[in-house]
Amino acid sequence: MRKVGLVTIGQSPRVDMTPEMKPLLGEDTSFIEAGALDDLSEAEIARLAPRFGEFTYVSRLRNGSSVKLSKEKLLPYVQNKILDVEKSVSSSIVVCTGSFPTIIHSKPILFPDLILYHVVQSVIGNGKLGIIVPLEEQIGQLTKKWGDIPIVVSAASPYEKVDIESPSNYLKEKGATLFVLDCMGYTEEHKHRVKKTTNLPALLPRSLVARVATELA
């Protein structure tokens with residue numbers, strides 16, 4: 001059986017995610033999950049909270065709650081888990097759509113932000129990208145990766161029961177022709193709600209990355 005590493009920036013296992021991803025990779029594939037925060041206490045996790053001006057990521061904890069994390073403080077923990085997981089897998093997936101250009105790896109690794117960018121770039125044409133991010137404070141941070149692609153952005157957390165229809169309609173009114181749900185925490189249900197509300201195509205990172213992962217088999 002082929003083993004794929006699933007490295008989350010929060011805690012594993014990602015029971016909110018793997019049931020949607022696993023069928024896309026096939027019965028001959030299993031996940032080896034690891035989380036950057038797996039070995040940390042509540043107090044240690046609290047010390048990773050972002051200060052003003054620091055790049056903010058958000059992820060899921062094992063108890064189902066979410067946590068805000070400073071990218072700078074988080075990076076060493078993500079790096080250590082990737083190197084550890086690589087000992088027993090053929091390839092890995094980083095469970096975050098943020099940018100990790102300094103990560104060192106010895107086996108194939110999929111970064112969702114790079115996959116999303118190149119897919120959008122290949123299909124957007126003369127359209128405008130509507131991006132939904134988890135947090136308001138991420139609007140000015142996570143959008144820089146899109147370069148010259150015209151974008152409009154709004155926020156709705158994937159880890160809470162929120163109204164995703166209103167931001168979707170807002171982005172459509174602002175000219176969006178294609179949507180990206182810019183967090184691995186968004187689900188197939190979120191994607192369905194966006195598409196139903198706007199009647200426009202939407203890209204879901206977890207399913208897109210899982211399909212690319214099948215090509216590494």
Side-chain angles (χ1 to χ4, degrees), residues 8-11 14-24 50 55-69 93-99 111-212:
T8 176
I9 65 171
Q11 290 180 328
R14 288 299 300 264
V15 296
D16 62 314
M17 183 182 303
T18 52
E20 290 187 3
M21 295 180 68
K22 180 65 174 66
L24 299 175
F55 216 100
T56 301
Y57 287 163
V58 62
S59 191
R60 184 183 187 276
L61 298 180
R62 198 171 290 118
N63 63 11
S65 64
S66 62
V67 62
K68 295 180 182 180
L69 303 160
I93 298 171
V94 173
V95 183
C96 181
T97 60
S99 176
F111 295 101
D113 68 313
L114 298 177
I115 294 171
L116 280 169
Y117 173 77
H118 289 291
V119 170
V120 168
Q121 193 177 47
S122 68
V123 301
I124 192 71
N126 295 321
K128 182 180 288 187
L129 182 63
I131 305 169
I132 299 178
V133 298
L135 306 171
E136 290 285 345
E137 57 261 44
Q138 292 178 314
I139 289 178
Q141 297 177 340
L142 294 182
T143 54
K144 296 177 182 178
K145 66 186 177 186
W146 298 104
D148 296 331
I149 297 173
I151 61 172
V152 285
V153 193
S154 191
S157 174
Y159 300 116
E160 301 173 14
K161 292 183 179 180
V162 295
D163 169 21
I164 204 169
E165 285 77 11
S166 293
S168 299
N169 277 323
Y170 166 78
L171 296 178
K172 183 176 182 179
E173 291 170 0
K174 292 294 183 179
T177 58
L178 172 69
F179 280 81
V180 163
L181 285 75
D182 200 358
C183 177
M184 290 289 284
Y186 291 114
T187 66
E188 286 287 347
E189 180 189 358
H190 290 127
K191 174 182 174 180
H192 174 74
R193 287 166 60 188
V194 171
K195 293 179 68 174
K196 183 177 179 180
T197 299
T198 64
N199 198 32
L200 290 169
L203 298 176
L204 184 67
R206 61 172 60 176
S207 56
L208 185 61
V209 171
R211 289 185 170 95
V212 175

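Keep in mind it's a predicted model, so treat the numbers as computed, not measured.
Of the possible polar contacts, one joining the T97 side chain to the D182 backbone as a donor-acceptor pair under 3.5 Å is found.
Taken from OG in S99 to CG in L114, the straight-line distance is 7.0 Å, to the nearest 0.5 Å. Here the CG-NE2 distance, from D113 to H118, works out to 9.0 Å after rounding to the nearest 0.5 Å. Once rounded to the nearest 0.5 Å, the distance linking OG of S66 with CD of E160 reads 5.5 Å. Taking CD1 of I93 as the start and CE of M184 as the end, the distance is 6.5 Å to the nearest 0.5 Å. Interatomic distance, CG of N126 versus NZ of K128, reported as 12.5 Å (0.5 Å rounding). The CG atom of N169 sits 7.5 Å away from atom NZ of K172, with the distance rounded to the nearest 0.5 Å.
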>> Assess the residue pair V95 and M21 against the criterion (side-chain contact (heavy atoms from CB on, under 4.5 Å)); give the C-alpha distance rounded to whole Å, side-chain angles, the decisive distance to 0.1 Å, and a yes or no.
In response: CA-CA 12 Å; V95 183; M21 295 180 68; over 6 Å; no
>> Run Y186 and V180 through side-chain contact (heavy atoms from CB on, under 4.5 Å) and show every step you take.
In response: CA-CA 10 Å; Y186 291 114; V180 163; over 6 Å; no
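Residues A155 and I132 come closest through the heavy atom pair C-CG2, 4.5 Å. The two atoms that bring S59 and I9 nearest to each other are CB-CG1, 3.4 Å, heavy atoms only. Heavy-atom minimum distance, K195 versus A202: CG-CB, 3.8 Å. The nearest pair of heavy atoms linking C183 to P134 is CB-CG, 3.6 Å. Nearest heavy atom pair, residue Y57 against residue Q138, reads CA-NE2, 3.8 Å. Shown here for L171 and I131, the closest heavy-atom pair between the two residues is CD1-O, 3.5 Å.
Two residues are said to be in side-chain contact when any heavy atoms from C-beta on lie closer than 4.5 Å; E188 and S207 meet this criterion. Put simply, the side chain of E189 does not reach to within 4.5 Å of the side chain of I164, judged on heavy atoms. For the pair R60/T8, no side-chain contact is recorded, criterion being any heavy-atom separation below 4.5 Å from C-beta on. Between T177 and I124, the closest side-chain pair of non-hydrogen atoms falls below 4.5 Å. Two residues are said to be in side-chain contact when any heavy atoms from C-beta on lie closer than 4.5 Å; E136 and I139 meet this criterion.
Counting non-hydrogen atoms of neighbouring residues, nucleotides and ligands closer than 6.0 angstrom, the OH atom of Y170 reaches no more than 12 such neighbours. For CG of D148, the number of neighbouring non-hydrogen atoms (other residues, nucleotides, ligands) closer than 6.0 Å is 12 at most. When the shell of 6.0 Å around NZ of K145 is examined, it contains more than 12 heavy atoms from other residues, nucleotides or ligands. In D163, the CG atom is crowded: over 12 heavy atoms of neighbouring residues, nucleotides or ligands sit closer than 6.0 Å.
Just one residue in the list K191, R206, R14 forms a salt bridge (charged side-chain N to carboxylate O under 4.0 Å, His left out) with E20, and that residue is R206.
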